[in-house]
2 protein chains.
Amino acid sequence: MPPRDEHDYEDRRQQIIRGALDAFAAKGFDSASNKDIAEAAKIGSPGLIYHYFRDKVDLLHQVILEQMPLIEIIDSAEAMMDRPPEEALPEMARKLMGAIHQWPTVAIARVVIAESMRNKRVASMVSDIGPGRGMRILATYLERQMDAGRLRRMNPHIAARLLVGPIIAYMITGYIFEQPEIQSVLPEEMAKQTIESFLRAMAPDGA
Amino acid sequence: MPPRDEHDYEDRRQQIIRGALDAFAAKGFDSASNKDIAEAAKIGSPGLIYHYFRDKVDLLHQVILEQMPLIEIIDSAEAMMDRPPEEALPEMARKLMGAIHQWPTVAIARVVIAESMRNKRVASMVSDIGPGRGMRILATYLERQMDAGRLRRMNPHIAARLLVGPIIAYMITGYIFEQPEIQSVLPEEMAKQTIESFLRAMAPDGA
DNA sequence: CACTATTGATTGACTGGTCAATCAATAGTG
DNA sequence: CACTATTGATTGACCAGTCAATCAATAGTG
C-alpha cells in the first residue's frame with residue numbers, strides 16, 4: 001500500500017517520533033502512554049500511531065535509531081585516525097561536549113540508558129550503533145597511536161575506557177545523581193583534565 | 001502489633017526483598033508486577049507483600065536500602081584515610097571487584113540507575129547512602145594525600161572521577177551493553193591498569 | 001495438661017482503573 | 001470514485017491495592 005504522498009507520510013512519521021521522544025524522556029518508555037505520545041506529537045488520536053508503527057516497541061526502536069545524535073560524532077571521529085592524540089582527543093571532546101549541551105542528546109540518553117538497563121534487545125541495538133561502535137573505533141585509534149609510538153602500549157580496549165570512563169562518571173554523578181560537589185566543575189574543565197591525565201599516564205616510556 | 005516471632009518475621013521480609021530485587025532487575029520496577037514479585041519470592045500471594053510493606057514504592061526503598069553492598073565497602077574505605085595510595089587504592093579496588101563478581105551488586109545497580117533516571121527522590125536517596133557518599137569520601141582521601149605531597153595537586157572531586165570512572169565504564173560496557181571486546185578482560189586486570197594509570201598521571205611533579 | 005481465646009500470617013477473590021491494540025466509520029485527497 | 005489518513009469508541013488484558021475469610025501458633029485458664 002503506497003502512501004498518498006511520500007513527503008507528507010514521512011513528515012507525519014517524524015512528528016510522531018519527536019513527540020514520542022519527548023514523552024519517553026519525560027515519563028520513561030513504560031509510563032508514557034499512547035495518549036501522552038499523541039498529545040506530545042500533537043496528533044488527534046493514539047490510534048494513528050498504529051498507522052505508522054507496528055506497535056509501541058517498534059516506535060521506541062525508531063526513536064532510538066533516528067534520534068541518536070552520537071552517530072555523526074562517531075563518524076567524524078573516524079576521520080581523525082592518523083592525527084596525534086594531543087590534537088585529536090581535545091577535538092573529539094569538544095564535539096562531544098557540544099552535543100551534551102543540546103536537549104535531544106540528553107533526552108535520548110535518558111531513554112536509551114533506562115531502557116538498555118532492562119531490555120537486552122535494546123541494549124545490544126544501542127550498543128551496535130552507539131557506544132559499542134564508538135568504543136571500538138576509539139580503541140582502534142588508540143592502538144594505531146600505540147603502533148606509531150605516540151602512546152605507551154597496553155590493551156587498547158582498557159585504554160579506551162581509561163579515557164572515556166571519567167567523563168561517564170562525571171555525567172552520571174552530575175546529571176543523574178546531581179551530586180553538588182561536581183556541579184561547579186564545567187564540562188570543558190572536566191574534559192581538559194581527563195585528556196591531560198590520560199596523556200600523562202599513557203606517555204611512551206622513553207619520553 | 002508485634003509479630004509472632006521476630007526471626008520468622010524478618011526472614012519473611014528478607015525473602016520478599018530478595019524476590020523483589022530479582023523481579024525488579026529482570027523487568028524493571030514498573031513492569032515487575034506484584035505477581036512477579038510473589039513468584040520470585042516464592043510466597044503464595046501478592047497480597048502478602050502488603051503485610052510487610054506499605055506499598056510497592058516502600059518495597060523498592062527497602063530493597064535499595066538493605067541490598068546496596070557498596071555501603072560496607074565505603075565504610076571500610078573510610079578507615080584507610082592515612083595509608084598511601086599505592087597501598088590503599090589496590091585494597092579498595094580488591095573489595096570493589098569482589099562485590100562486582102556477586103549477582104546482587106549488578107542487579108541492584110541496574111535497578112538503582114534505571115529508577116534514579118526518572119525519580120529524583122530515589123536518585124538523591126541512593127546518592128546519599130551510596131555513590132555520593134563514596135565519591136565524597138574518596139575525594140577527601142585524595143585531597144589529604146595531595147596535602148601530604150604524595151599526589152599532584154588538583155580538584156579532588158575531578159581526581160576521584162578520574163580514578164573511579166574507568167571502572168564504571170568497564171562495568172557499563174561489559175555488564176549492561178555486553179560488549180564482547182571487554183568481556184575477556186578480567187576485573188582484576190582492569191582494576192590494576194586503572195590504578196597504575198591513575199598513579200602515573202597523579203604523580204607529584206617533582207618525582 | 002487439655003481446651004479455648006487471641007492474634008498474627010496467609011490466601012484468593014475482588015475493585016476501580018489504566019493501557020495497548022483493534023476496528024469500524026468518516027474525512028480527505030488525487 | 002478508489003484509496004489513504006484519521007478519529008474515537010471499544011475490547012480484552014492486566015495491575016496495585018483492599019478485604020474478608022481461613023489457618024496456625026501461642027497464651028491463658030481451670
Side-chain angles (χ1 to χ4, degrees), chain A residues 1-24 26-64 111 114-115 118-119 121-122, chain B residues 1-63 111 114-115 118-119 121-122:
Chain A
M1 294 182 230
R4 196 154 56 209
D5 181 310
E6 198 72 42
H7 274 299
D8 285 358
Y9 184 86
E10 190 51 31
D11 285 351
R12 249 310 189 243
R13 222 182 82 92
Q14 290 300 329
Q15 185 184 347
I16 295 174
I17 284 180
R18 278 192 297 272
L21 174 55
D22 289 347
F24 291 161
K27 296 196 167 190
F29 174 70
D30 287 314
S31 301
S33 68
N34 289 342
K35 207 176 133 209
D36 293 330
I37 296 167
E39 273 163 23
K42 287 169 193 153
I43 57 173
S45 158
L48 188 58
I49 294 169
Y50 291 85
H51 187 66
Y52 293 89
F53 303 92
R54 199 169 354 96
D55 54 26
K56 210 183 162 193
V57 173
D58 180 41
L59 175 55
L60 172 67
H61 289 172
Q62 302 308 320
V63 168
I64 293 174
V111 175
E115 206 48 32
R118 59 180 161 233
N119 186 329
R121 271 197 63 229
V122 171
Chain B
M1 293 182 228
R4 197 154 47 215
D5 181 311
E6 199 72 42
H7 273 298
D8 286 358
Y9 184 86
E10 192 49 33
D11 285 352
R12 244 324 184 232
R13 222 181 82 92
Q14 290 299 329
Q15 185 184 346
I16 294 174
I17 284 180
R18 278 191 297 272
L21 174 55
D22 290 347
F24 291 159
K27 296 196 168 192
F29 175 70
D30 288 315
S31 301
S33 69
N34 290 342
K35 205 176 135 210
D36 293 330
I37 297 167
E39 273 162 23
K42 286 170 193 154
I43 57 173
S45 160
L48 186 59
I49 293 169
Y50 293 84
H51 187 66
Y52 292 89
F53 303 93
R54 196 167 0 94
D55 54 26
K56 211 182 160 194
V57 173
D58 181 42
L59 175 56
L60 173 66
H61 289 172
Q62 301 308 319
V63 168
V111 174
E115 206 46 33
R118 57 177 163 238
N119 187 332
R121 270 197 63 229
V122 171

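This one's a predicted model, so the numbers in the text were calculated from it and none came from an experiment. To find a chain, count down the sequence lines: A is the first, B the second, and so on, and within it residues start at 1.
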Report yes if the side chains of [X] and [Y] come closer than 4.5 Å at any heavy-atom pair, otherwise no.
X: A:R13; Y: A:I17; value: yes
X: B:F29; Y: B:V57; value: yes
X: A:I43; Y: A:I37; value: no
X: B:L59; Y: B:R54; value: no

Using only side-chain N and O atoms of [X], determine if any of them is under 4.0 Å from OP1 or OP2 of [N].
X: B:H51; N: C:dA9; result: yes
X: A:Y50; N: D:dT6; result: no
X: A:R54; N: C:dA21; result: no

Using whole Å, report how far [atom1] of [X] lies from [atom2] of [N].
X: A:K56; N: D:dA13; atom1: NZ; atom2: P; result: 19 Å
X: A:F29; N: C:dC19; atom1: CZ; atom2: P; result: 13 Å
X: A:D30; N: D:dC14; atom1: CG; atom2: P; result: 15 Å
X: A:I43; N: C:dG28; atom1: CD1; atom2: P; result: 17 Å
X: B:K35; N: C:dT10; atom1: NZ; atom2: P; result: 21 Å
X: B:D11; N: C:dA9; atom1: CG; atom2: P; result: 13 Å
X: B:I49; N: C:dG12; atom1: CD1; atom2: P; result: 14 Å
X: B:D36; N: D:dC14; atom1: CG; atom2: P; result: 11 Å

Carefully, step by step, assess A:V122 and A:I64 under the rule side chain to side chain contact (heavy atoms under 4.5 Å, CB included).
-> CA-CA 9 Å; A:V122 171; A:I64 293 174; 3.9 Å; yes
Base, sugar-phosphate or nothing for [X]? Non-hydrogen atoms, less than 4.0 Å.
X: A:A32; value: sugar-phosphate
X: B:G47; value: base
X: A:Y52; value: sugar-phosphate

Tell me which nucleotide among [options] gets nearest to the side chain of [X].
X: B:D55; options: C:dT11, C:dA21, D:dG17; answer: D:dG17
X: A:L48; options: C:dT10, D:dG17, D:dT6; answer: D:dT6
X: B:S45; options: D:dT7, D:dA16, C:dG12; answer: C:dG12
X: A:Y9; options: D:dA5, C:dA20, C:dA9; answer: D:dA5
X: A:N34; options: D:dA16, C:dA20, D:dA5; answer: C:dA20

Examine distances only and state if a side-chain atom of A:D11 and a backbone atom of A:D8 form a donor-acceptor pair shorter than 3.5 Å.
->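 Side chain of A:D11 to backbone of A:D8: no pair is present.
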What does C:dA5 pair with, Watson-Crick or G-U, if both distances are under 3.5 Å?
->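 Pairing partner: D:dT26.
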Identify the nucleotide, in any strand shown, that forms a Watson-Crick or G-U wobble pair with C:dA13, with both distances under 3.5 Å; if there is none, say none.
->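 Because both required distances fall under 3.5 Å, C:dA13 counts as paired with D:dT18.
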